[in-house]
Amino acid sequence: MTTTTGTTATATAATPAVGTSHTRMEGRAKVTGAARYSGEIPFAELAHGWLVLSTIARGRIRSVESGPVLAMPGVLAVLHYGNAPHLEEVVGLFGPNPVIQVFQHDRVPHVGWPVALVVAETSEQAREAADALVVSYDQEPHDVAFSAGHPGMYTPDNTLMLLAETEKGDIETGLAASAVVVDEEYTTPEEHHNAMEPHAAMARWDSGRLEVVDSNQGAFMVAQDLAKLFSLDPASVRVRSEHVGGAFGSKGSTRPQTVLAAMAATVINRPVRVVLTRRQMFSLVGYRSPTAQRVRLGADADGRLRAFDHQAACLTSTVHQFVERSAAYGRVMYDADAHHTVNRVVRLDVPTPSWMRAPGEAPGSFALESAMDELAERCGVDPIALRTRNEPDVGPVSGLPFSSRNVLGCFEEGARRFGWADRDPRPGVRREGRWLLGTGTAAATYSAGVAGSTAAVTAEADGTFTVRITAADIGTGARTALTQIAADALEVELGRVRVKIADSDFGQAMLAGGSMGTRSWAWAITVAASELRAQLALTGDIPPEGITARSNTAEAVSALEKRERHSFGAQFAEVAVDVTSGEVRVRRMLGIFAAGRVVNPLTARSQLIGGMTWGISMALHEEAIRDQASGGLANGDLAGYHFAANADVPLIEADWVDDPDTHDPTGIKGLGEVGIVGAAAAIANAVWHATGVRHRHLPIRPDRVLLAGTGDNRAG
Ligand code: MOS
C-alpha cells in the first residue's frame, strides 16, 4: 500500500481495483458474528413488540380484548385500530399505499393482516401476551381463487410505472398466415422471498429525532415514508441498516415492523424492537403473484416469428395494486409484425404481492422461453438457431436501438462450453438405468436501469478517503464493489478508501433494487470523486475535518439518451428424470451473461449463481398453496414451503462475455436479477428433452411428472 499523504494523495498511480476479485469488506465481521443485524443490536431500556395478525380473510374487527392482556407480566401496551395514533397516507411508485398505514381502520383485507401489537419488557412476554390476545371479527365471504378466467380480471391503465398493454399489427391475421402455431397456457405458483434474516426494526426517540435501525433495501426511502406517515420533518428521521441478511425485493418497501416500532416507541416513549417471525413474513412482506400466461406464437416453417401474443394474468390485493409484469419480457426479446403483450390483474382477498427477484421477467421468461422451445420442436429447428433467427435489430415495442445486446455471444459461448453441438435433438432417447436424461436452453434478459443518487467523498487529513452514500448491501457485496469503484475514481489503492452506507443521513440514493444499485451508486461516487480530485489539485493542506465533494446525478441521469438498456444471458441445464418416482434432478447448469462491466468478479459470479439457484427452486420446488376455505396459506412456513437445498443444487457455472456499453458513463448493467431469468425454462425444456413431455405448470413436482408420464410410458 502507498504511504503518500495529504495533497499528494492522488498522485500515485494505483492498480485498478475494478475487474479484479475481492472478498467482502465485512466478510470477517460477518463470519465472526461481529456484524450486527437490526434485530440484535442492544439498546438500553429496549421494549419488544409482538404482532398479532388477522385469522380471517375478509371482514371487520369487532373487538380487541386488551384488558386481560394488559394485566399479564411485563406488558406495556396493546396497540390496535381503536387506540393507534393517526398515520398520514404514503404515496409510493404505484400510488397511495395503505399497506403500511397500519391500525387505521377495522377492515380486514386478508389472512395475516396486522390487527394488534403487544409491547412488553421482553420478547417472550410480548409473544405470550400476543398469543393470549382475543380478537373477534365480523367475517364476510372471501375470494382467494386465482385463475386467468376470473370475472374480476382487468387490464390496468398504462401509467408511467406500468406499461400494461402494447399492441402493433393484427395478431389473428398474423396467426392465420403462420405455417406453425404454438398456443399454450403456462402457470407459475405463488412464491415467497424468504430472506435468511427476518425483517426487524428498532425505533427510539433521541434528542427530538426518530432513530430507526431497520432491515431494508433503501434507508432513505424508509426514512421518507416514516416522516410522511408520522407527519415529521424529514430531517428529524434517521434510518440505518448497516447489514441486511437478504432481501430479494421483500425489503424494497417500508414494511409494517418498521412503522410499528416507530409507533410503539412514540406511544410508550421507549426504544421498541419489532421482529417478524418466519410465518409472519408469509403475509407481511410481499411475495410473487401466481401467474397464468397464454402465449401464442405464429411462425414461418423456418421459425421466423410472424405473430407474437403474450397475455399474462396475476393477482393483487383489495388494498393496493401491484402487477407482476410477466409480459414485459417479450417486449425486449422477440419481434413480429403482429405483436401483442398484456399484463392483467385481479383483486382478491389476499396479501399484497410485491417485487421478487426479477419481478415480471422470472415468470414471464418461463412461459415465453418454454413456448420458444415448443416452437423450435414443431419447426424442427435447433432452439439456439431459432433464437438467432429471431434476433431483433431494435426494441420490438419501443423501436429504440439497444445500448448493447450480446445475447448471441452468450449462446455461442454457452453452447461451446456446454457441449450443445453434440446434443441429439430427439427427446427421450438418452437413458441411464431408471434415469432419462435431457438438456435444455433458454435466453435471459433483465433491464439495466439507473436512478439519480447523491454521494459524498471526503479526503481525510491522514491520506485516506471516506465515501458516504445511502446504498444498501443486502448480501450482494455492494459495499465492496463501491470501494473498488471509489478507489479507481480516486486513483488510490483500495486500502485507503472506506465506504459508509445505509444511513439515511447521507442523503437520497437509489435503493438496492431493480438491479440498479451498483450502476446508480457508482455513477454518483465517480462524479463526487472526480469533483474531489479537482478540488484537491487546487488545495494545499487538508484541514482536520477533511475536504468533501458532493454529487447529485439526477440531472445527468435524466439527460441520458433513450435506448433499450438490458443485461442478457443464455441458460443451459442438464436434467435426469427418474421414471419410477417422477423426481427431477438438475445435473449441471451453465449461465453465460452479457451484463456490462463487471466490478467484482467474485461477488458478481455469486449473484448470478444465486439467481440460477433460485431458478432451480422455481422450476422444481417452490409453491405456496392458498387454502380456499380459510383464505390463508396451507404451507406458510419452511416446513411446508420447499425450496432448493444444497442437495438439490449441482455444479452451477456462471460466467460472462465482454459487453462494453459505450452509451453509458458507468458501463455497469447490474446482475442481481438476470441470473434467475430463463433458468426455470431451461430446466423445463431439459425435462421435455429427457421425457418427451412438456411441463407447463411450475413447479415440476414428482407427482406431475408421474401423472404426465414419459415418452414411452404416458399415463392415460
Ligand atoms: Mo429487487 S425484486 O428489484 O428488489
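Both counts, for ligands and for their atoms, begin at 1 and track the order of listing.
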Could you go step by step and tell me if Phe506 and Phe220 meet the ring-ring contact (aromatic ring centres under 6.0 Å, His included) rule?
CA-CA 8 Å; Phe506 298 161; Phe220 189 81; over 10 Å; no
Specify the protein heavy atom at minimum distance from [atom]: its residue, its atom name, and the distance to 0.1 Å.
atom                    : result
atom 1 (Mo) of ligand 1 : Glu673 OE2, 3.4 Å
atom 4 (O) of ligand 1  : Gln217 NE2, 2.8 Å
atom 3 (O) of ligand 1  : Gly514 N, 2.4 Å

Does one side chain, of Thr316 or Gln321, offer a donor that lies under 3.5 Å from an acceptor on the other?
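Side-chain D/A pair, Thr316 to Gln321: absent.
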In ligand 1, which numbered atoms sit nearer than 4.0 Å to a non-hydrogen atom of [X]?
X      : result
Gly513 : 3 (O), 4 (O)
Pro359 : 2 (S)
Trp355 : 2 (S)

Is there a salt bridge (charged side-chain N to carboxylate O under 4.0 Å, His left out) between Arg278 and Asp637 once you walk through the steps?
CA-CA 7 Å; Arg278 182 63 62 184; Asp637 57 39; over 6 Å; no
For ligand 1, indicate whether the residue Ala247 contacts it via side chain, backbone, both or neither (heavy-atom separation under 4.0 Å).
neither
Do Arg288 and Glu190 meet the salt-bridge criterion of a basic N to acidic O distance under 4.0 Å?
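Not counted as a salt bridge, because no side-chain N and carboxylate O are separated by less than 4.0 Å.
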Should Arg479 and Glu26 be marked as a salt bridge (charged side-chain N to carboxylate O under 4.0 Å, His left out) after you check the CA-CA gap, both sets of side-chain angles, and the distance that decides it?
CA-CA 8 Å; Arg479 187 184 274 105; Glu26 73 286 1; 3.4 Å; yes
Mind checking whether Met153 and Phe146 have side chains closer than 4.5 Å, heavy atoms only?
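Side-chain contact under 4.5 Å: yes.
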Who's closest to atom 2 (S) of ligand 1 heavy-atom-wise, of Arg357, Lys251, Met516?
Arg357
